[in-house]
Amino acid sequence: MQLTVKEALQVYPLSEAKLVAGGEGTSRMMKSVNVMDAPDIADWIKSGEMLFTTAFIMKDSETDALRLMRRLNERGCAGLGIKLGRFWQSIPQGIVEEADRLRLPLLELPFQFTFSDQMNALFKAEHERSNRLLHEVVQKQKKLMQFALQQQPHRNVFAELATVLNYPLAVIGSRGHVLYGSEGIAGDAVTQGWPWKSVMHRVKWNQGSCHRVPIKQNDEEYGSLLVFTDSALSLRAEEELFQQAADVLAFYMDMTYREHINPTVQDEMRTLLSQYLDNKMTVQELTTLSENKGVHLFQGTYQCVLITLEPTLFAEGKLLKQIHRELQYNPLMQFTASQHFQIEDGILSIYTCPTGRDYGEELSSFLLSRFGDVLAAQEAKGAPAPRFWISKMKHEPKSLREAYQECLDTRQLARRFGMKDHALQFEMLEFAYVFQHVPDNIMENYCNKVLEPLLARDGDPNQVLMNTLESFIENDGLINEAAKQLFVHRNTVTYRMEKVGSLLQMDFKKTNDLLKLKLVFTFRKFVRDKAAARPHNVQL
């Protein structure tokens, strides 16, 4: 029998019983029912047994009854059912209070039904439940087989598998990071105790049990499948179903990985891309040769992302390979249709822009979110972390080399100005790109000259004006946005900007004055970032 006390109380005629006390213990598992009125009854009770009694052995002494209840609780008794009307007309209040304290379900059994009536009904209900569960497992196995035979691109196989199993689940990657979690299944608790042994294991969780199954094929291990059930016990057939589900996942991951990261194709594509980027072949030749290998580089407008590990001196090749692998087979990494190739500098990704607009900001947020665990782990141990260099949107295949160069330029400018952002877009640094060869002292002198009326006056009010001006320029001259950033009313910003305009002798409605200030604050940021990064570059 595998029923909780709560479930058993739904079975007729036990449903006619009254739960007198110990309501907090109705989640106790009830494995069998015992009927006994012997003085040494507690010595014979097994864990998970529900005891039915007429109260004969405790009718004369409430103290003995309390002692018996404590002993039953220690033995793991599922609950105590007392049939009134023969020796007791009501259950003493002291016993009720003790049952509540022990959280031991205490039932007042209906007098008109025999113990055997209730026991037979429970065993019948358990038999029917087992048959129903077995039937459900068989149906799930059929769905799992159909799921495994489907060949559909861009599937979220994890979510589909959760639907097939009809249980919440989580998929943990080979690095101990969460690849997928059903709604409500998330947080550090899911990966507690990782790394785990590579064997199927069932562990308790706050609402039942979790079956943890390794996802592996041959010698390659891809992670673990966690299936969260609502019962502390399960059928052997159901456990076999979970193992089959993990095998299907392993097959899918292995197949997808090999399709996208076939070593031969990858090596050939790496060679082709290198030749193209070195101006040794045209984009038409690159496209034709790629398509002959089943690789379609362009599907409309696109953007490039170059992923590198910084600093490169101590970069770990294994981590870059893991990142490359996840970009290919993890459904959560599928931002848009994309291709990913390991090249000499790192990983070059080509993302399609389906609506024909620039996806720089979305790509930046997406990559930072998906690889947040990697960034945190690498920074915690002081190891090289991935950084993402994002090009502008391109309309034609012939612009691929230009997009790649924008990624490299973004990386170079970030190094020059000591910028620590993990994801940077070329569009953000395009202004700096134009002036990248301007010496630092000229930048600084230009800033001082333009801002001299503000810098020449001491005192906090002028620092407020400087901060307001900088926020105004950062938000492209939008008063409301600057006010939100500064947490002040828009009228306050308007008043301050009128005062700044008077001091600087500028009209903020003139494009020339706005461009001049944009240049000033770009220079100021570069000079500050470089100064902040300087102590880290000191060589001992």
Side-chain angles (χ1 to χ4, degrees), residues 358 360-361 364-365 389-393 406 409-537:
D358 192 287
E361 290 188 12
S364 177
S365 299
W389 319 108
I390 305 171
S391 76
K392 295 176 66 176
M393 184 184 70
E406 287 177 358
D409 290 339
T410 306
R411 183 187 186 191
Q412 181 182 353
L413 287 168
R415 284 177 174 176
R416 178 185 175 189
F417 298 115
M419 303 177 75
K420 301 300 181 183
D421 308 64
H422 288 292
L424 279 172
Q425 307 165 48
F426 179 75
E427 187 174 32
M428 294 172 57
L429 300 180
E430 192 171 15
F431 205 51
Y433 177 75
V434 177
F435 297 98
Q436 63 178 314
H437 300 297
V438 177
D440 293 350
N441 64 320
I442 293 180
M443 288 186 184
E444 196 165 357
N445 289 337
Y446 182 76
C447 292
N448 291 337
K449 180 179 178 181
V450 174
L451 299 175
E452 183 179 4
L454 286 179
L455 297 172
R457 299 190 175 196
D458 296 329
D460 183 67
N462 292 294
Q463 184 60 48
V464 170
L465 294 179
M466 183 70 77
N467 291 339
T468 303
L469 176 60
E470 186 169 9
S471 180
F472 178 79
I473 297 300
E474 283 181 2
N475 289 282
D476 299 321
L478 299 175
I479 294 289
N480 287 337
E481 296 303 315
K484 289 179 184 178
Q485 183 174 324
L486 295 168
F487 302 103
V488 298
H489 194 274
R490 70 180 311 278
N491 291 344
T492 302
V493 176
T494 301
Y495 168 75
R496 291 177 184 175
M497 290 308 300
E498 289 175 355
K499 191 170 183 179
V500 170
S502 177
L503 288 170
L504 299 182
Q505 294 297 301
M506 288 186 178
D507 183 352
F508 299 121
K509 294 180 180 179
K510 293 183 178 179
T511 303
N512 188 52
D513 286 345
L514 286 174
L515 183 61
K516 185 185 298 185
L517 287 170
K518 180 71 174 177
L519 186 60
V520 163
F521 283 102
T522 299
F523 286 170
R524 275 172 61 88
K525 177 174 174 55
F526 293 157
V527 171
R528 282 202 304 255
D529 287 344
K530 193 168 184 180
R534 195 168 292 129
H536 300 286
N537 297 329

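Residue numbers count from 1 along this sequence.
By the 4.5 Å heavy-atom criterion applied to side chains, M466 and R524 are counted as neighbours. In this structure, D421 and L424 have side chains that are in contact, with non-hydrogen atoms separated by less than 4.5 Å. For the pair F523/D440, no side-chain contact is recorded, criterion being any heavy-atom separation below 4.5 Å from C-beta on. Residues L503 and L465 form a side-chain contact, since some pair of their non-hydrogen atoms from C-beta on lies under 4.5 Å apart. Two residues are said to be in side-chain contact when any heavy atoms from C-beta on lie closer than 4.5 Å; F487 and T492 fail this criterion. Between L504 and V450 there is no side-chain heavy-atom pair separated by less than 4.5 Å. Using a 4.5 Å cut-off on side-chain heavy atoms (C-beta onward), R490 and K484 make no contact. Using a 4.5 Å heavy-atom threshold, the side chains of D507 and K510 count as touching.
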I would like to know whether T410 and I390 meet side-chain contact (heavy atoms from CB on, under 4.5 Å); could you show each step before the answer?
-> CA-CA 8 Å; T410 306; I390 305 171; over 6 Å; no
Applying side-chain contact (heavy atoms from CB on, under 4.5 Å), run through M506 and K516 and close with a yes or a no.
-> CA-CA 10 Å; M506 288 186 178; K516 185 185 298 185; 3.6 Å; yes
Check against side-chain contact (heavy atoms from CB on, under 4.5 Å), R411 and R415 = CA-CA 6 Å; R411 183 187 186 191; R415 284 177 174 176; 3.0 Å; yes
For the pair V500 and F472, evaluate side-chain contact (heavy atoms from CB on, under 4.5 Å) and give the outcome as yes or no after the intermediate values.
-> CA-CA 11 Å; V500 170; F472 178 79; over 6 Å; no
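In this structure, W389 CH2 and Q412 CD are separated by 11.0 Å, a value rounded to the nearest 0.5 Å. The OG1 atom of T468 sits 11.5 Å away from the CD1 atom of I473 when rounded to the nearest 0.5 Å. In this structure, the separation between CG on L514 and CG on L519 is 12.5 Å, given to the nearest 0.5 Å. Atom OG1 of T494 is separated from atom CG of N480 by 8.5 Å, given to the nearest 0.5 angstrom. The CE atom of M443 sits 13.5 Å away from atom CG of N448, with the distance rounded to the nearest 0.5 Å.
Paired with L469 under the rule side-chain contact (heavy atoms from CB on, under 4.5 Å), one option of R496, E474, M497 passes, and it is M497.
Of the possible polar contacts, none joining the Q425 side chain to the S391 backbone as a donor-acceptor pair under 3.5 Å is found. Remark: side-chain polar atoms of S502 are not paired, donor with acceptor, to backbone N or O of E498 under 3.5 angstrom. Formation of a donor-acceptor pair under 3.5 Å by the S471 side chain with backbone atoms of N467 is not found in this model. Formation of a donor-acceptor pair under 3.5 Å by the D513 side chain with backbone atoms of F508 is not found in this model. Here the side chain of D358 pairs a donor or acceptor atom with the backbone of G360 at under 3.5 angstrom.
Salt-bridge formation is not detected for the pair K449/E452: no Lys NZ or Arg NE/NH1/NH2 atom is positioned less than 4.0 Å from an Asp or Glu carboxylate oxygen.
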